[in-house]
Structures are given as C-alpha cells and as structure tokens.
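Chain A is the first sequence line, chain B the second, and so forth, proteins listed ahead of strands; every chain is numbered from 1. Computed from heavy atoms alone, side chains included, the values below leave out hydrogens, waters and symmetry copies.
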Number of protein chains: 2
Amino acid sequence: MDPLGFEHHDHRRCVAAALAAAEAHCERHRLNLTPVRRRVLELLLEGHRAMGAYDILDHLRAEGLGAQPPVAYRALDFLVRHGFAHKIERLNAFIACTHPETDHTPAFLICRGCHAVAEAHAEPTRGMLGRAAADLGFEIEEAMVEALGRCPNCREAEAAPCA
Amino acid sequence: MDPLGFEHHDHRRCVAAALAAAEAHCERHRLNLTPVRRRVLELLLEGHRAMGAYDILDHLRAEGLGAQPPVAYRALDFLVRHGFAHKIERLNAFIACTHPETDHTPAFLICRGCHAVAEAHAEPTRGMLGRAAADLGFEIEEAMVEALGRCPNCREAEAAPCA
DNA sequence: TCTAGAAATGTTACAGCATAACATATGGAG
DNA sequence: CTCCATATGTTATGCTGTAACATTTCTAGA
Ligand SMILES: [Zn+2]
Ligand SMILES: [Zn+2]
Ligand SMILES: [Zn+2]
Ligand SMILES: [Zn+2]
C-alpha cells in the first residue's frame with residue numbers, strides 16, 4: 001500500500017490515470033460525473049495539493065463553468081461523498097484522494113514549509129483511539145487524522161542552507 | 001490515565017478544581033491569567049462542551065468584558081497556546097482541556113447526537129501514522145485526531161425508544 | 001407522447017469564522 | 001521618568017460555507 005509521498009513523479013500521467021479511473025468508477029456505479037464535477041476533480045489532481053473552495057471557484061469562473069460558491073461546494077461535496085477527494089479540516093481545503101476505490105480512513109501529513117500534503121492510512125478503530133472509544137462505549141463512525149510537520153524536502157533545505 | 005468520558009459528574013467541583021489548577025500553573029510559570037482569559041476558561045469549563053468563539057464572545061459582551069471578536073480570539077489563543085484549551089477543527093470550536101499540565105496529543109470523540117466531546121490520548125508518532133511518517137521522512141510536530149460517532153447515552157436512546 | 005418527478009445547475013443573499021491594522025492603556029526595567 | 005513589552009479596545013474586512021428559490025435537464029412511467 002504505497003503511501004504516495006513527497007517525491008516527484010510523472011504528473012501528467014498521474015492526473016490522466018486518476019481521471020480515467022474516476023470515469024470508469026462512475027460508469028460502473030451509475031454516478032453522474034458531470035462537466036463541473038469532472039473539471040473540479042481535474043483541478044484538484046492537477047494542483048496536487050490542498051485547494052480552497054474559492055481557489056477552485058476562481059478557475060471555474062474563468063472557464064465559464066459557474067460563478068457562485070454553491071457551484072464549487074456542490075461539486076466538492078459530490079467528490080468527497082464518493083471518495084474522489086477529501087477535506088482537510090486544518091486547512092479548510094480539499095485534495096484529490098490518492099487511492100480511491102479502496103475504503104479507507106485517510107491520515108494527512110501536512111508540511112508547514114511547502115504546504116505539500118501526503119495521504120497515508122489510519123486505522124482509527126485500532127490503537128489507543130479505538131481502545132479509548134471502546135472503554136467509553138463510543139462508536140466511531142468516521143475519523144479525521146491530520147499531522148503538521150516538515151516534509152523531507154523542507155527538512156533538507158533547512159539542514160543545508162547551501163548559500 | 002482516566003479518559004474522562006460521557007458520564008455525569010460533580011460539575012461545580014470539576015470547574016473549580018480546573019480553574020484553581022490553571023491559576024496555580026500560571027502563577028508558577030509567570031503567565032498572566034487576566035480577567036478575560038480567566039473568564040473564557042471558566043466559560044469553557046462550565047459549558048463542558050465545544051463552544052464557538054462567538055458563543056464565548058456573546059457571554060463576554062453580556063458581562064462587559066469585551067465586545068469585539070479579537071477579544072475572544074485572543075483569549076482563546078492564549079488558552080490554546082498554554083494547553084488550557086484545545087481547538088476542535090471539525091467543529092470550528094474550542095473546549096477546555098481535561099488534563100492540562102501533562103504534555104499530550106488530544107484525540108476527540110465527538111457525538112453526532114448530543115454534541116458531547118470526550119478527550120482521549122493519541123500517540124501520533126506510534127502506530128500506522130508514525131510508520132507512514134517515518135517511511136516518508138516526514139517529521140510530525142503536531143497531530144489532530146477527531147472521531148465522529150455516537151456516545152453511549154445516544155446509542156442507548158436509539159436502541160430503546162421507550163415510548 | 002405526454003407528464004410528473006428527480007437530479008443538477010444557477011443565482012441571490014446571508015450566516016459564521018477569523019484576522020489585519022491601528023489606537024489606547026497598563027505595568028515593569030533601567 | 002522613560003522606554004518597552006504586554007494586554008486591551010475598536011474598526012473594518014476577508015475567508016468559509018449555506019439557505020432558499022428559480023431554472024434546466026433527464027428519465028421513468030402513464
Ligand atoms: Zn483517500
Ligand atoms: Zn515541505
Ligand atoms: Zn488536553
Ligand atoms: Zn451523545
């Protein structure tokens with residue numbers, strides 16, 4: 001289960017593959033991936049970072065795909081509901097899921113330096129949190145895990161301030 | 001390490017003890033627990049739930065302790081910085097810490113039914129998240145864990161809709 | 001085919017959350 | 001006494017998100 005991190009990669013291919021996968025998934029599940037929804041997903045994939053709803057909206061506006069906040073929020077809502085994107089609460093922003101299809105609880109590693117975000121897996125019902133919930137009789141339905149820190153690139157840049 | 005959950009308790013005593021502890025801590029560490037800051041902590045403790053900054057502000061206004069948003073936000077910022085309160089990102093709200101003094105990463109269990117919030121402990125650098133961070137070379141500085149679900153009281157109420 | 005309903009979009013207006021910037025007061029340290 | 005740091009007060013504004021309603025589009029059933 002590749003945690004897909006901060007390294008560079010062939011982004012054009014990455015975007016195209018994810019979009020194709022999303023289209024196929026929607027086809028199979030009778031989901032309506034409309035132009036606006038498709039474009040918002042594409043924007044998130046292209047950006048490859050967390051984007052605010054109003055960032056998205058700016059693009060949509062420029063492209064004549066919708067000018068008001070609800071347009072962006074509704075598309076994002078669709079993408080989040082069906083697992084194509086996640087909301088990052090700490091940033092009030094959205095990001096394309098790096099491994100949709102699989103049912104998962106994402107855990108985000110957010111770099112304070114360059115604002116890159118990596119998506120890892122969490123298992124909220126295991127570990128200390130699951131133990132605490134069980135002790136309290138609390139039933140976890142959904143969990144959010146977000147860590148702030150420094151990605152390897154930014155740590156390296158700090159360590160070696162090579163003139 | 002008592003996870004302090006959803007059960008009832010002697011709340012007057014709970015508030016008084018926490019306030020006294022905060023005062024002592026500030027005394028020891030030369031922190032300035034001003035009237036506004038003290039009152040905001042007291043409000044959070046009394047409420048014993050997550051409160052929005054504007055909820056707090058309403059109280060302050062009514063008591064002549066400040067009428068504008070920055071007053072509430074600055075007091076909350078002080079409390080969060082020094083570990084007397086936490087922000088719950090998922091709710092855009094704040095809550096008094098149930099075990100200050102100890103250095104800890106809180107994990108919140110948020111009830112969808114009654115909006116009660118319990119604070120448990122997380123160990124972000126252990127478990128799957130720590131593993132993923134280590135693999136990616138990411139250095140975790142701070143982590144947020146928030147779970148949504150049903151508290152025992154609400155589950156019971158659902159299970160037994162006793163006329 | 002016609003028609004009723006569901007789903008998606010478009011728009012207005014507003015609600016809720018948070019901070020920048022600047023003015024004022026207060027309490028030591030030198 | 002003066003300077004400086006800290007805290008407070010206020011104005012104004014920016015960012016985030018949604019309620020409500022009008023319009024369009026598609027589809028399923030009569
Ligand atoms: Zn994901
Ligand atoms: Zn970075
Ligand atoms: Zn705490
Ligand atoms: Zn409950």
Side-chain angles (χ1 to χ4, degrees), chain A residues 22-23 26-27 29-41 43-44 47 49-82 84-95 110 115 144 146, chain B residues 22-23 26-27 29-41 43-44 47 49-82 84-95 110 115 144 146:
Chain A
E23 276 168 353
C26 287
E27 185 82 14
H29 293 77
R30 313 267 178 212
L31 296 176
N32 196 352
L33 188 64
T34 63
V36 180
R37 291 168 178 176
R38 188 183 189 286
R39 182 59 183 140
V40 171
L41 177 56
L43 286 168
L44 289 176
R49 60 195 171 80
M51 300 176 73
Y54 281 71
D55 292 341
I56 299 287
L57 183 57
D58 287 342
H59 287 276
L60 296 181
R61 242 196 281 263
E63 299 168 15
L65 277 171
Q68 270 61 43
V71 174
Y73 280 102
R74 288 196 282 233
L76 288 165
D77 184 60
F78 170 89
L79 295 174
V80 169
R81 261 189 353 254
H82 295 100
F84 300 116
H86 300 292
K87 178 169 187 187
I88 301 190
E89 296 290 341
R90 180 70 187 231
L91 302 177
N92 292 321
F94 301 82
I95 193 164
I110 306 167
H115 304 111
M144 185 217 89
E146 297 174 10
Chain B
E23 277 168 352
C26 287
E27 185 80 16
H29 293 78
R30 313 268 179 212
L31 296 176
N32 195 352
L33 190 64
T34 63
V36 180
R37 291 168 177 176
R38 189 184 189 285
R39 182 59 183 139
V40 171
L41 176 55
L43 286 167
L44 289 175
R49 59 194 171 81
M51 300 176 73
Y54 281 70
D55 294 340
I56 298 286
L57 183 57
D58 288 342
H59 283 92
L60 295 182
R61 244 195 280 264
E63 299 168 17
L65 277 172
Q68 271 60 44
V71 174
Y73 280 101
R74 287 196 283 232
L76 288 166
D77 183 60
F78 171 89
L79 296 174
V80 168
R81 262 187 353 251
H82 295 101
F84 300 118
H86 299 291
K87 177 168 187 187
I88 301 188
E89 296 291 340
R90 186 72 189 232
L91 303 177
N92 292 320
F94 301 83
I95 194 164
I110 306 167
H115 305 112
M144 267 146 303
E146 298 174 10

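The distance from atom CG of L57(B) to atom P of dG9(D) is 11 Å, rounded to the nearest whole Å. Rounding to whole angstrom units, CG of residue N32(B) and C1' of dT8(D) are separated by 12 Å. The distance from atom CD of Q68(A) to atom C1' of dA20(D) is 14 Å, rounded to the nearest whole Å. Spacing between atom CZ of R38(B) and atom P of dT8(D) amounts to 14 Å, rounded to whole angstrom units. Atom-to-atom, CG of L60(A) to P of dT11(C) comes out at 12 Å; the value is rounded to the nearest Å. As rounded to whole Å, 15 Å separates atom C1' of dA5(D) from atom CG of L31(B). Remark: C1' of dG9(D) and CZ of R61(B) are 13 Å apart, rounded to the nearest angstrom. Residue I88(A) contributes atom CD1, which lies 12 Å from atom P of dG17(D) at whole-angstrom precision.
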For every nucleotide of nucleotides 14-30 of chain C, 5' to 3': is a protein heavy atom under 4.0 Å from its base (B), only from its sugar-phosphate (S), or from neither (-)? ---BBBB----------
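Within the 4.0 angstrom heavy-atom criterion, no nucleotide atom of any strand lies near L76(A).
Of all heavy-atom pairs spanning A72(A) and L57(A), the tightest one is CB-CB, 4.1 Å.
No side-chain heavy atom of L91(B) sits under 4.5 Å from any side-chain heavy atom of E146(B). In this structure, the side chains of F78(A) and N32(A) stay at 4.5 Å or more apart for every pair of heavy atoms. Looking only at side-chain heavy atoms (C-beta outward), R38(A) and E23(A) come within less than 4.5 Å of each other.
Identified under the side-chain hydrogen bond (donor to acceptor under 3.5 Å, both in side chains) test for residues 55-74 of chain B, with sequence neighbours left out: R39(B)-E63(B).
Looking at V80(B), D77(B), L43(B), I56(B) one by one, the single match for side-chain contact (heavy atoms from CB on, under 4.5 Å) with F94(B) turns out to be V80(B).
Proximity note for R37(A) (side chain, C-beta onward) versus dT8(D), dT11(C), dT9(C): the nearest is dT9(C).
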